[in-house]
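Okay, structure first, notes after.
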There are 2 protein chains.
Amino acid sequence: MTNTLTETLMNSGYGSSFSLVLDRQRGELVEAPVKLERKGVSTERTIDALKSHSEAERRRRARITAHLDTLRSLIPATTKMDKASLLGEVIRHLKELKKNAGQACEGLMIPKDNDEISVEEQGGLNGFPYLIRASLCCEYKPGLLSDIRQALDALHLMIMSADIATLEGRMKNVFVIISCKEQNFEDAACRQVLTGLVHQALRSVLNRFSVLQDILGTRKRRRVSIFSSSSSEDFL
Amino acid sequence: MTNTLTETLMNSGYGSSFSLVLDRQRGELVEAPVKLERKGVSTERTIDALKSHSEAERRRRARITAHLDTLRSLIPATTKMDKASLLGEVIRHLKELKKNAGQACEGLMIPKDNDEISVEEQGGLNGFPYLIRASLCCEYKPGLLSDIRQALDALHLMIMSADIATLEGRMKNVFVIISCKEQNFEDAACRQVLTGLVHQALRSVLNRFSVLQDILGTRKRRRVSIFSSSSSEDFL
DNA sequence: AAAAACACGTGAGCC
DNA sequence: TGGCTCACGTGTTTT
């Protein structure tokens, strides 16, 4: 594109000087109603308006293509790629990143200040008959996970995977749980009972830990935290 | 926009029927060189070409705007937003997500099959004098974290934060550790000694666990894993 | 009134 | 040659 401004202007709109217009429905050329009825407006005004209009439009296009170029630089292997295809790739990457961010944020967000237990069904994916997704946010408690595992054993459940994030003495865990026994999971009521049991089990483990922690706290004045551990109180 | 196709066609290109063109350099209207010198080509051919051309262009535009709409649906608060601004928001979100994905993947990747201990200095951020980043990948061992904390206590070190990911009986931990004592961390040799000590401490904790696990394993034939736990072997 | 945003048809250039 | 993508200027609509 080495056209000068003048060249571009001189070259544009030739086809329309036929005073003919394509009627798509009839498939033929028809006379265009020549709109010279601009009697009142002065020619200079028209020129200025036209000029500023096309210039504004040019600026708008420049803005858009600049952003498009930025996107090209952001997404790999999109140089020399079609404008539409580029946008398609942008969409693909955006969805991909959002998916990753979603599972990263959902499972591993910073633990909140308030305690939280949530248990919900997870649609039977990958041929697994029935999965439960349990989330737990509480004070940091070493050994909590093994206690939870034992509690779930009693329900004939297995922890398939666990994501654990800890920060400033608090922890957030997200488990994916599967049933060990053959059961009728088509029944919604049955499923609801199971999730209720899981919730109850997690709650009881948490309570047990809290009681234990209270005892230790009153007896030894020890605060369970990875920040200020027992022996490190001697220093700093 | 309630124009029919025909109306749109009839309305477009009126201005060009003046046979005048704006010469931007001279700032005035000049006669457009009427390009009727298409003597050889038949009118039908021209019509067909023009028709297919504009139709193709229309399809291309439709493709692009469709992608743009998809982007609008993907990114919040972009309805009724300018096309250029929309692309700007897309760029912003893309950068944001890429940044998050980067830091999420760095510390919390899926645990590998081979055991790994890595200890490295972490540039003194946030005004903290000296930080150590320790990464540990091994079999899943409940209670490992508290043992590590105790071992680090002996070195007068504190775990500031821990990211833990577990999958299929294996775990990967990433710790950020800080010194409790005032020390000369300007000296590179001193720092290297410290990281070495941390590495050694982690190794010893890991070995201790392995030995314990071996004893339990030979005596009770129990496999420590969140997949097949002791009591769940009775079912399934 | 006036500026911004959009869809349109068209000429140029590139396989 | 045809099929395509792109930038352009323009008419229309919206603000």
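Throughout, protein chains are lettered first and strands after them, A, B, ... in sequence-line order, and every chain is numbered starting at 1. In what follows, every heavy atom counts, from backbone to side chain, and hydrogens, waters and symmetry copies are set aside.
Taking atom CG of A/Leu50 as the reference point, atom P of C/dA3 lies 14 Å away to the nearest angstrom. Separating the NE2 atom of B/His67 from the P atom of D/dT5 is a distance of 12 Å, rounded to the nearest angstrom. Taking atom NZ of residue B/Lys51 and atom P of nucleotide C/dC8, one finds them 17 Å apart after rounding to whole Å. The nearest whole Å value for the distance from the CD atom in A/Glu55 to the P atom in C/dA3 is 12 Å. Remark: P of D/dG3 and CZ of B/Arg59 are 10 Å apart, rounded to the nearest angstrom. Look at CD1 on A/Ile64: it is 13 Å from C1' on D/dC6, rounded to the nearest Å.
The CG atom of A/Leu152 sits 13.0 Å away from atom CD1 of A/Ile178, with the distance rounded to the nearest 0.5 Å. Here the CD atom belonging to A/Glu116 is positioned 6.5 Å from the NZ atom belonging to A/Lys172, to the nearest 0.5 angstrom.
By the side-chain hydrogen bond (donor to acceptor under 3.5 Å, both in side chains) test, A/Gln200 is found to be paired with no residue, residues two or more places apart in sequence or in another chain being considered. Legend: residues meeting side-chain hydrogen bond (donor to acceptor under 3.5 Å, both in side chains) with A/Arg59, ordered by chain and number and at least two apart, are absent. For A/Thr70, the side-chain contact (heavy atoms from CB on, under 4.5 Å) partners are A/Ser73, B/Ile91, not counting sequence neighbours.
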Distance-only check: which donor-acceptor pairs under 3.5 Å involve side-chain atoms of residues 74-83 of chain B, not counting sequence neighbours?
residue	atom	partner	partner atom	Å
B/Thr78	OG1	B/Arg72	O	3.0
B/Thr78	OG1	B/Ile75	O	2.6
B/Asp82	OD2	B/Ser85	OG	3.4

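Against DNA chain C, the stretch residues 76-89 of chain B makes heavy-atom approaches under 4.0 Å through B/Asp82, B/Lys83.
You'll find a donor-acceptor pair under 3.5 Å spanning the side chain of A/Glu57 and the base of C/dC6, going by distance alone.
Taking side-chain N and O atoms only, B/Arg58 has a distance below 4.0 Å to OP1 or OP2 of C/dG9. Neither OP1 nor OP2 of D/dG3 sits under 4.0 Å from any side-chain N or O of B/Arg60. Between A/Arg61 and D/dG9, a side-chain N or O to OP1/OP2 separation shorter than 4.0 Å is present. Contact between the side-chain N/O atoms of B/Arg63 and the OP1/OP2 oxygens of D/dT5 is found at a separation under 4.0 Å.
Of the possible polar contacts, none joining the B/His67 side chain to the A/Leu87 backbone as a donor-acceptor pair under 3.5 Å is found.
At a threshold of 4.0 Å, the pair B/Glu89-B/Arg92 counts as salt-bridged, since one of the basic side-chain nitrogens sits closer than that to a carboxylate oxygen. With salt bridges taken as basic N to acidic carboxylate O contacts below 4.0 Å, none links A/Arg203 and A/Asp115.
Stems are defined here as 3 or more consecutive Watson-Crick or G-U wobble pairs with pairing distances under 3.5 Å; those involving DNA chain C are C:2-15 with D:2-15.
Proximity note for B/His53 (side chain, C-beta onward) versus C/dC8, D/dT5, D/dT10: the nearest is D/dT5.
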